[in-house]
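Below, read A as the first sequence line, B as the second, and so on, with proteins coming before strands; counting in each chain starts at 1.
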There are 2 protein chains.
Amino acid sequence: MHLYLHVNKKEVILSSALILLTEKGVHNTPMSAIAKAAGTGMGTIYNYFPNKESLINEIYVNIKVKEKSVFLDFDVEQPIKTQFENYLRSIIDFFIANPAYFKFMEQLQASPIITKESREEGGKSVASVHELLVKGQQERIIKAIELDEILMFIGGAILAYLRWYFHQSETKTTSLKNQAQMVWDAIKE
Amino acid sequence: MHLYLHVNKKEVILSSALILLTEKGVHNTPMSAIAKAAGTGMGTIYNYFPNKESLINEIYVNIKVKEKSVFLDFDVEQPIKTQFENYLRSIIDFFIANPAYFKFMEQLQASPIITKESREEGGKSVASVHELLVKGQQERIIKAIELDEILMFIGGAILAYLRWYFHQSETKTTSLKNQAQMVWDAIKE
DNA sequence: ATAATTGGAATGAATATTCATTCGTTAAAA
DNA sequence: TTTTAACGAATGAATATTCATTCCAATTAT
């Protein structure tokens, strides 16, 4: 019987790797460093992951899965604008609460390490907003622009805000409201 | 007297490296490959650059310098909206004309390889738009939101558009107009 | 004009290092 | 006891960097 909480070794490896990867970069985090940070031997990592790339891809997919779960609670009774604002706020709060997730995505989004399969898995995360925007277009609340372009635009705005946020030292409280305002003005009919 | 054009060896190395780096990624382009592509020996590269990271940083700064030069021709006689639209179009055209520059930036923008000095050097490139937006705010054409936030937002929109553009197979001619519309609606008072 | 000398750019094989992965051993569970 | 998991030193492939040598154009001497 242990006195400490039993934690899944795989998860310890994943979270240790996440921190090192974001802080030092992919080049500068050898597997030995991950093992040390996770408090395991190197061999143990290879019991859970066939290689370094798989480990990294698993982190990527894990984050995307969590990101997706942020959108689940849409309240269809609310006005579309409200729903959209809630969506924006949730996704931004999610990354603000998990800066390492954001840094990881920034660093690996364009990397050849991330496989096509992982990317496809990740792509699903916009499905629910897509739906919301379709409804918005039908009601002529949202501009009649191809949805992929609008989705990209929204993604860009979120990215821009988060970069700005993490770049700042002091936090401006009004800024998120401003951002939501700009995004809404951009996409509203 | 040579029949072929004399080309600067350093520039050949830089451009060869740019192509390999964007096509294969940083991990998968050894210095030997760069040397081969540039038609030089490996040692030659080290006559021009102290190490691989410096080479990469120099490419980064070079692109930023070129990017900056795109904005120079503002026509202050024109309405602010027109000037802004021209700016947007120029910067987007610049990257569309140089896809490798965009790919390079996508891959290295968040990398720890890029030094703080290089980033600071690169940051200067928004100075002229900054100025334009200040004027726009004074005339109450542009929203009274902190300029850094607006600038980030614009950056995000540009990024989103370019990602979308390179992602697409067929080119939609209306899309840039839509994008400009969204950005302007976002920032206008 | 021709030959001799020189400075430094170019070279790439050799070196040193880094690091992903393996595997034989040990420890813990069942 | 047998099975399973953990371990990390050893391995070797990959590759960044070095440096002794070659080569060539420009300069100087004959």
Side-chain angles (χ1 to χ4, degrees), chain A residues 1-61 104 107-108 111-115 118, chain B residues 1-61 104 107-108 111-115 118:
Chain A
M1 182 60 161
H2 300 265
L3 287 178
Y4 51 85
L5 276 165
H6 176 71
V7 280
N8 187 322
K9 214 147 239 217
K10 190 176 179 183
E11 277 171 22
V12 175
I13 293 167
L14 283 168
S15 59
S16 303
L18 172 68
I19 291 164
L20 284 173
L21 253 15
T22 53
E23 284 180 357
K24 305 274 183 184
V26 179
H27 317 284
N28 300 317
T29 69
M31 292 296 260
S32 56
I34 297 175
K36 195 190 245 181
T40 75
M42 293 215 273
T44 307
I45 297 180
Y46 285 89
N47 288 338
Y48 290 104
F49 307 94
N51 52 49
K52 194 183 183 182
E53 299 212 340
S54 300
L55 167 55
I56 293 174
N57 272 275
E58 194 150 329
I59 294 175
Y60 177 91
V61 173
F104 181 89
Q107 247 173 71
L108 290 171
S111 162
I113 294 170
I114 304 300
T115 65
S118 298
Chain B
M1 180 65 159
H2 301 260
L3 289 177
Y4 52 87
L5 278 162
H6 175 68
V7 280
N8 187 319
K9 212 145 239 212
K10 191 177 178 182
E11 277 171 21
V12 175
I13 293 167
L14 283 168
S15 60
S16 303
L18 172 67
I19 291 165
L20 284 172
L21 252 15
T22 53
E23 283 180 358
K24 307 272 183 184
V26 179
H27 317 284
N28 300 316
T29 71
M31 291 298 257
S32 58
I34 296 175
K36 197 191 244 180
T40 77
M42 293 217 271
T44 308
I45 297 180
Y46 285 88
N47 288 338
Y48 291 103
F49 308 94
N51 53 48
K52 195 182 183 183
E53 300 211 340
S54 299
L55 168 53
I56 293 174
N57 272 275
E58 193 150 328
I59 294 174
Y60 177 91
V61 173
F104 181 89
Q107 246 171 70
L108 290 169
S111 162
I113 293 171
I114 305 299
T115 64
S118 298

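Interface residues of residues 28-37 of chain A facing DNA chain C, ordered by number: A:Pro30, A:Met31; criterion, heavy-atom separation under 4.0 Å.
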Polar atom pairs between nucleotides 10-14 of chain C and protein, under 3.5 Å, N or O only, would you list them?
residue	atom	partner	partner atom	Å
C:dA10	OP2	B:Tyr48	OH	2.9
C:dT11	OP2	B:Gly41	N	3.0
C:dT11	OP2	B:Thr44	OG1	2.6
C:dG12	N7	B:Met42	N	3.4
C:dG12	N7	B:Gly43	N	3.0
C:dG12	O6	B:Gly43	N	3.3

Could you pull out the protein-nucleic contacts involving nucleotides 20-24 of chain D (nitrogen or oxygen on both sides, under 3.5 Å)?
none

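Taking atom CG of residue B:Asn51 and atom P of nucleotide D:dT15, one finds them 17 Å apart after rounding to whole Å. Look at CD1 on A:Ile13: it is 12 Å from C1' on D:dA5, rounded to the nearest Å. We find that CZ of A:Phe49 is positioned 12 Å from P of D:dA6, with the value rounded to whole Å. In this structure, A:Lys52 places its NZ atom 14 Å from P of C:dT18, rounding to the nearest Å. In this entry the distance linking CD of A:Glu53 with C1' of C:dC19 reads 14 Å, nearest Å. One atom, CG of B:Asn8, and another, P of C:dA9, lie 13 Å apart when rounded to the nearest Å.
Applying the side chain to side chain donor-acceptor pair (under 3.5 Å) test to every pair with at least one member in residues 41-51 of chain B, sequence neighbours left out, gives these pairs: B:Asn51-B:Ser54. Among residue pairs with one or both ends in residues 11-38 of chain B, none qualify as salt bridge (Lys or Arg N to Asp or Glu O under 4.0 Å); sequence neighbours excluded.
For the side chain to side chain contact (heavy atoms under 4.5 Å, CB included) test, residues two or more places apart in sequence or in another chain that qualify with A:Val61 are A:Val65, A:Ser118, A:Glu121. Under the rule for a side chain to side chain contact (heavy atoms under 4.5 Å, CB included), the partners of B:Pro112 that lie at least two apart in sequence or sit in another chain are A:Gln107. Qualifying side chain to side chain contact (heavy atoms under 4.5 Å, CB included) partners for A:Ser16, counting only residues two or more places apart in sequence or in other chains: A:Val12, A:Ala37, A:Ala38. In this structure A:Ala35 satisfies the side chain to side chain contact (heavy atoms under 4.5 Å, CB included) test together with A:Thr40, A:Met42, A:Ile45, sequence neighbours excluded. For B:Glu58, the salt bridge (charged side-chain N to carboxylate O under 4.0 Å, His left out) partners two or more places apart in sequence, or in a different chain, are B:Lys10. Applying the side chain to side chain donor-acceptor pair (under 3.5 Å) rule to B:Thr29 yields no partners; only residues at least two apart in sequence or on another chain are considered.
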Exercise. Give the intermediate values and the outcome of side chain to side chain contact (heavy atoms under 4.5 Å, CB included) for residues B:Met31 and B:Leu55.
Key: CA-CA 10 Å; B:Met31 291 298 257; B:Leu55 168 53; 4.3 Å; yes
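Shown are A:Ile114, A:Ile59, A:Asn57, A:Thr22; of these, the side-chain contact (heavy atoms from CB on, under 4.5 Å) with A:Leu108 is made only by A:Ile114. Remark: of the listed residues B:Ile113, B:Leu18, B:Leu14, B:Ile113 is the sole one forming a side-chain contact (heavy atoms from CB on, under 4.5 Å) with B:Ile56.
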